[in-house]
2 protein chains.
Amino acid sequence: MTAKKLTLNLDFHSGLPIYTQIVAQVQSQLANGVLQPGDQLPTVRALAEELRVNFNTIARAYRLLDEARVISTQQGRGTYITEIPPPKVGKKMKAEVLLALAERFINEAQRLGFSEPEIGQMVRTQLQLRKEAEEKSKE
Amino acid sequence: MTAKKLTLNLDFHSGLPIYTQIVAQVQSQLANGVLQPGDQLPTVRALAEELRVNFNTIARAYRLLDEARVISTQQGRGTYITEIPPPKVGKKMKAEVLLALAERFINEAQRLGFSEPEIGQMVRTQLQLRKEAEEKSKE
DNA sequence: CTTGCATTGTACTAATTGTATCATTGTATA
DNA sequence: TATACAATGATACAATTAGTACAATGCAAG
């Protein structure tokens with residue numbers, strides 16, 4: 001078993017759902033390089049025991065991360081950080097698709113208590129970071 | 001689970017609304033140190049049964065305390081005395097969650113072939129629409 | 001190579017908890 | 001008394017987490 005330790009810090013009284021906190025921290029640790037592509041995450045049951053929560057809560061977090069292509073969960077095998085960044089296989093360039101995505105994102109953020117300015121600021125920052133990263137990689 | 005006992009003394013003939021008495025006594029016990037930040041309060045139903053009152057009355061009291069930032073009520077979880085010490089940690093974690101949310105959204109949009117300017121434009125548009133809707137509803 | 005079993009994630013359901021909405025009650029006041 | 005309004009109650013709903021059973025995978029024993 002080569003699963004990483006995955007140290008998570010949950011706040012049970014923050015008003016944020018456990019599964020949301022897990023998703024956030026895994027993505028954060030991936031962005032920080034603490035987690036690397038190919039790393040195996042703890043099993044849903046192992047992490048559940050460590051965090052003292054039900055393993056379905058972990059499964060829910062993993063499912064969200066899987067849907068976001070951040071990790072790959074495989075029944076009977078385990079869960080791994082996705083090896084290659086998601087392929088850009090855009091074919092439906094329809095504005096409606098992007099609109100729906102944006103609405104889902106904004107709704108979820110607002111549901112969790114974030115204000116519209118906060119949301120806008122975060123998106124601007126993230127897009128700017130990616131833009132800079134692209135320019136740097138071109139050199 | 002670890003909910004405090006929360007001994008309240010209600011006077012049903014004082015002319016003071018039940019929910020007002022609950023609010024006052026919770027605040028009083030917090031000031032006295034009987035209740036500590038992080039403590040979990042009884043569920044609305046448990047406290048309602050103990051006090052022989054409808055649980056909506058408890059919910060109303062909890063809602064007022066929540067609006068006063070004295071407690072944090074969380075659907076599906078419970079209600080907790082607000083943690084004062086780690087405002088920094090709380091903020092940091094919230095930022096992390098929003099960041100993760102934004103990253104998921106942007107990743108998915110890019111995976112579908114949308115460009116960064118397109119994504120930014122869509123979010124700006126949606127936020128602007130909501131802002132206008134809010135202002136209109138205020139009139 | 002096959003079989004059995006342990007490990008791992010999945011699906012579905014149940015339980016727990018707060019929320020929203022409207023109805024009822026009771027009381028003050030015109 | 002009639003009416004208006006605040007307090008409380010009833011009911012249905014939504015969000016989160018937990019429980020249970022199952023399916024896929026891999027590995028080791030035979």
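Sequence lines set the chain letters: A, B, ... in the order given, protein chains first and strands last, and positions in each chain run from 1.
If you find the closest nucleotide of DNA chain D to B:Pro17 and to A:Thr20, the one lying nearer the 5' end belongs to B:Pro17.
A:Arg45 is linked by a side-chain contact (heavy atoms from CB on, under 4.5 Å) to A:Thr43, A:Phe55, counting only residues two or more places apart in sequence or in another chain. When the side-chain contact (heavy atoms from CB on, under 4.5 Å) test is applied to B:Gln74, the partners found at least two apart in sequence or on another chain are B:Ser72, B:Arg77, B:Tyr80. The side chain to side chain donor-acceptor pair (under 3.5 Å) search around B:Thr57 returns none, not counting sequence neighbours. Scanning for side chain to side chain donor-acceptor pair (under 3.5 Å) contacts around A:Gln121 gives A:Arg124, A:Thr125, with sequence neighbours left out. For the side chain to side chain donor-acceptor pair (under 3.5 Å) test, no residue two or more places apart in sequence or in another chain qualifies with A:Arg63. Applying the ring pair (Phe, Tyr, Trp, His ring centres under 6.0 Å) criterion to A:Phe105, with sequence neighbours excluded, gives B:Phe105. Here A:Glu103 pairs with nothing under the side chain to side chain donor-acceptor pair (under 3.5 Å) rule; sequence neighbours left out.
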What N/O pairs connect the protein and nucleotides 24-27 of chain D at under 3.5 Å? Give each pair on its own line.
{"residue": "D:dA24", "atom": "O4'", "partner": "A:Gln75", "partner atom": "NE2", "Å": "3.3"}
{"residue": "D:dG26", "atom": "OP1", "partner": "A:Arg77", "partner atom": "NE", "Å": "3.3"}

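Listed by first and then second residue, the side-chain hydrogen bond (donor to acceptor under 3.5 Å, both in side chains) pairs that reach into residues 20-33 of chain B are B:Ser14-B:Gln21, sequence neighbours excluded.
When each of B:Leu41, B:Asp39, B:Val34, B:Ile22 is paired with B:Leu6, the side chain to side chain contact (heavy atoms under 4.5 Å, CB included) condition holds for B:Leu41 and for no other. Residue B:Glu108 is tested with B:Arg111, B:Gln110, B:Arg104 for a side-chain hydrogen bond (donor to acceptor under 3.5 Å, both in side chains); the sole match is B:Arg111.
Shown for residues 44-55 of chain B: residues whose heavy atoms fall under 4.0 angstrom of DNA chain C, namely B:Val44, B:Arg45, B:Phe55. Proximity of residues 56-66 of chain B to DNA chain C (heavy atom under 4.0 angstrom from any strand atom) is restricted to B:Asn56.
Distance A:Tyr80 OH to C:dG9 C1': 12 Å, rounded to the nearest Å. Between the P atom of C:dT16 and the CD atom of B:Gln40 lies a distance of 14 Å, rounded to the nearest Å. Here D:dA15 presents its C1' atom at 18 Å from CD of A:Gln110, a figure rounded to the nearest Å. If you measure from atom CD of A:Gln21 to atom P of D:dA15, you get 18 Å, rounded to the nearest angstrom. Straight-line distance from the CD1 atom of B:Ile71 to the P atom of C:dT17: 15 Å, rounded to whole Å. Put simply, CG on A:Leu10 is 14 Å from C1' on D:dT16, counting in whole angstrom units.
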Assess whether side chain to side chain donor-acceptor pair (under 3.5 Å) is satisfied between A:Asn54 and A:Arg60, documenting all intermediate values. CA-CA 10 Å; A:Asn54 188 275; A:Arg60 184 169 180 178; over 6 Å; no
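Counting heavy atoms from C-beta on, the side chains of A:Gln36 and A:Ile81 never come closer than 4.5 Å.
Where the helix from C:dC1-D:dG30 to C:dA30-D:dT1 starts and where it ends, the local axes point in directions that differ by 10°; five pairs per end, rounded to 10°.
The backbone N or O of B:Asp66 sits nowhere less than 3.5 Å from a side-chain atom of B:Thr73 that would complete a donor-acceptor pair.
OP1 or OP2 of C:dT19 lies within a sub-4.0 Å distance of a side-chain N or O belonging to B:Thr73.
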